[in-house]
Amino acid sequence: VATGVVVSLAISLLWIVVQIAWMHVRPARNRFRAMLAGFVASLPVLVLVLGSSPVRALHAAHFMEPYGVVFFHALLFHTLVFFCYVECFYHVERAVTFRMLIEIASHPEGIVVSDLRKDYSVQGMVGARMEVLEAKGFVVRRMHAWHLTSKGRLLARVMAGTLWLYQAKSQRDREA
Amino acid sequence: MKGLVISSALFAAYVVSTVVVSHFGGIRRYGKVFFPAVLFWTPFYFALYALTPADCWFLPATWLAKPLWLDVVYGYVVYLLNCHSYIDFFFGFTGGFSTSLLREILASGPHGCTTEELAAGFLTKDGQDKVYQRRIPHLAEAGMIRVNGAEHLCVATVKGRRWANILSVVKRILNLDKGG
């Protein structure tokens, strides 16, 4: 466990730092694809480091676990850290509540809700989000109306199934 | 490896329990179920780790991790990471703004929806928008803002300003625009 976790944490940290730096140099249009590419590119590095003689020797000197188990723990932990990073990224990027809080805090004297709405209207939110969904291939616009692509339809159906399973209401259907 | 085995069993129990409670419990605030449930199952992880044999009845002796504390912590961290992904999946799908728009377009059938029609779905019967009407009280409840007077003047509290600064810095580090 120790060898796998330490190596996977180090490689995760490395690719995340490289990824962030790269996004400043050349920002990607599709951030998820860029993160996925960074993760996939980090996998051979992980395997190389784990396979290197010094790491193997260090492991053999202190632990009895077979090296296959070490590889398994390293890959598992590396993948879980990747998921966590992607999820946290989208919490920061997409959260409407966070955006609202930043807007309110940028007015030290306060801001009335109607003014907040002017700067950040629901129509603006919907428009911006539809453009993102279009860029990601979930929707297409025909004659001013939005239509689902097969990918979008699949996601919408998964959502409907999830709502049933948890007996939940979508954001739109909820009462305030 | 034992930590991982127990962590996986516990995560399965967590998922099943949250599905059952959500489906039959008439839940209104899912966050009040999903987050406390992570803590609810935590003592079970440590109890199971302490009470089961070192090899968990099937693990080869060489697979048992040393030091023991690291295996315990590792299993628990994997449990937390899995719960985080699961909660994120739940809120992303059921509570997500984008997925709710996709569902609305699906319901509209072959005609599709215009941006105006989609935005109109986020208005309450009295013309207020649900996005603000729901979030402003939540921010006030969390102590991030104060809402003053009849005109609803929103002022960030010290805690709110601190969080807003942290979020702004993180957004800058990640090279993100306003988002939302």
Side-chain angles (χ1 to χ4, degrees), chain A residues 1-2 5 20 23-24 27 63-66 69 80 83-84 87 89 92-102 104-105 110-113 116-117 122-123 125-127 129-130 133 138-139 142 144-148 152-153 155-156 158-160 162-163 165-168 170-172 174 176, chain B residues 19 22-23 30 62-63 65-66 70-71 74 78 81 84-85 88 93-95 97-106 112-115 118-119 121-122 124 129-136 139 144-145 151-156 160-161 163-164 167-168 170-171 173-176 178-180:
Chain A
V1 171
V5 168
I20 291 171
M23 285 304 111
H24 282 271
F63 308 108
M64 282 172 60
E65 277 177 304
V69 176
L80 290 176
F83 285 152
C84 188
E87 288 153 9
F89 175 87
V92 175
E93 195 218 7
R94 291 285 156 81
V96 174
T97 310
F98 287 168
R99 160 88 187 255
M100 247 176 225
L101 180 63
I102 292 171
I104 294 169
I111 179 168
V112 291
V113 176
L116 193 60
R117 278 199 195 109
V122 173
Q123 180 130 350
M125 266 181 233
V126 172
R129 202 55 75 90
M130 292 314 294
L133 289 170
F138 289 105
V139 294
R142 283 196 298 267
H144 302 294
W146 295 104
H147 297 268
L148 295 177
R153 200 169 297 116
L155 195 66
V158 171
M159 188 211 183
T162 314
L163 287 173
L165 187 65
Y166 292 93
Q167 295 294 299
S170 76
Q171 201 170 118
R172 181 191 178 277
R174 276 183 226 152
Chain B
V19 168
S22 302
H23 194 88
Y30 286 82
T62 52
W63 286 30
K66 299 259 172 41
L70 185 68
D71 192 46
Y74 170 68
V78 168
L81 287 171
H84 182 264
S85 294
D88 194 77
F93 266 83
T94 66
F97 192 53
S98 303
T99 47
S100 118
L101 294 170
L102 291 177
R103 187 166 169 266
E104 193 51 31
I105 301 171
L106 180 72
C113 277
T114 62
T115 303
L118 289 168
F122 287 91
T124 58
D129 64 64
K130 294 177 186 176
V131 175
Y132 283 92
Q133 210 173 22
R134 203 165 60 83
R135 284 183 170 84
I136 294 288
L139 279 171
M144 299 285 187
I145 61 168
E151 75 276 24
H152 295 110
L153 181 74
C154 300
V155 185
R161 274 200 303 276
W163 273 102
L167 287 166
S168 301
V170 174
K171 273 179 185 270
I173 290 171
L174 294 172
N175 196 20
L176 295 170
K178 285 179 168 180

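Just so we're on the same page: letters track the sequence lines, and every chain starts at 1. Model, not experiment: these values are computed from the prediction.
Checked by atom type and distance alone, the side chain of A/Tyr166 never pairs as donor or acceptor with a backbone atom of B/Tyr30 at under 3.5 Å.
The one candidate from B/Ile136, B/Leu153, B/Val155 that meets the side chain to side chain contact (heavy atoms under 4.5 Å, CB included) condition with A/Ile104 is B/Ile136.
Comparing A/Pro27, A/Gly127, A/Ala105, A/Ala160 by how many heavy-atom pairs each has under 4.5 Å with chain B, the most go to A/Ala105. Ranked by heavy-atom pairs under 4.5 Å with chain B, the first of A/His144, A/Arg142, A/Met130, A/His24 is A/His24. With chain B as the partner, the residue from A/Phe83, A/Phe138, A/Phe89 showing the most heavy-atom pairs under 4.5 Å is A/Phe89. Of the listed residues (B/Ser168, B/Ser22, B/Gly160), the one with the most heavy-atom contacts under 4.5 Å to chain A is B/Ser22. Among the candidates A/Val158, A/Val139, A/Thr97, A/Ile20, the residue making the largest number of heavy-atom pairs closer than 4.5 Å to chain B is A/Thr97.
Contact record, B/His23 with A/Leu165: ND1-O, 2.7 Å, taken as the closest heavy-atom pair. In terms of heavy-atom proximity, B/Ser85 sits nearest to A/Glu87 at OG-OE2, 2.9 Å.
Heavy atoms from other residues, nucleotides or ligands lying under 6.0 Å from NE2 of B/His152 number 12 at most.
Every residue two or more places apart in sequence or in another chain that forms a side chain to side chain contact (heavy atoms under 4.5 Å, CB included) with B/Val78 is listed here: A/Phe77, A/Leu80, B/Leu4, B/Ser7, B/Tyr74, B/Asn82. For B/Val170, the side chain to side chain contact (heavy atoms under 4.5 Å, CB included) partners at least two apart in sequence or on another chain are A/Val92, B/Ile166, B/Leu174.
Within the 4.5 angstrom heavy-atom criterion, only side-chain atoms of A/Val5, from C-beta onward, approach chain B. Interface remark: B/Leu106 contributes backbone and side-chain atoms alike to the contact with chain A (heavy atom separation under 4.5 Å). Both the backbone and the side chain of A/Leu148 have a heavy atom closer than 4.5 Å to some heavy atom of chain B.
To the nearest 0.5 Å, the span separating CG on B/Leu101 from CE on A/Met125 amounts to 11.0 Å. In this structure, CZ on B/Arg103 lies 5.0 Å from CG on A/Leu163, to the nearest 0.5 angstrom. In this structure, CD on A/Glu93 lies 5.5 Å from CG on B/Leu176, to the nearest 0.5 angstrom. Taken from CZ in B/Arg161 to CG in A/Leu101, the straight-line distance is 11.0 Å, to the nearest 0.5 Å. In this structure, CE in A/Met100 is found 9.0 Å from CD1 in B/Ile145, a value given to the nearest 0.5 Å. Between the NZ atom of B/Lys171 and the CZ atom of A/Phe98 there is a distance of 9.0 Å, given to the nearest 0.5 Å.
Remark: the B/Thr115 side chain and the A/Gln123 side chain contain no N/O donor-acceptor pair separated by less than 3.5 Å. A donor-acceptor contact closer than 3.5 angstrom is absent between the side chains of A/Trp146 and B/Thr114.
Taking the side chain as every heavy atom from C-beta outward, B/Trp163 and A/Ile102 never approach each other to under 4.5 Å. Contact of the B/Leu102 side chain with the A/Arg153 side chain is not registered, since no non-hydrogen atoms from C-beta on lie closer than 4.5 Å.
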Legend entry - side chain to side chain contact (heavy atoms under 4.5 Å, CB included) evaluation trace for B/Cys154 with A/Val113: CA-CA 7 Å; B/Cys154 300; A/Val113 176; 3.6 Å; yes

Inset, instruction - Would you sort out whether B/Cys113 and A/His147 count as a side chain to side chain contact (heavy atoms under 4.5 Å, CB included), showing the intermediate values? - result: CA-CA 7 Å; B/Cys113 277; A/His147 297 268; over 6 Å; no

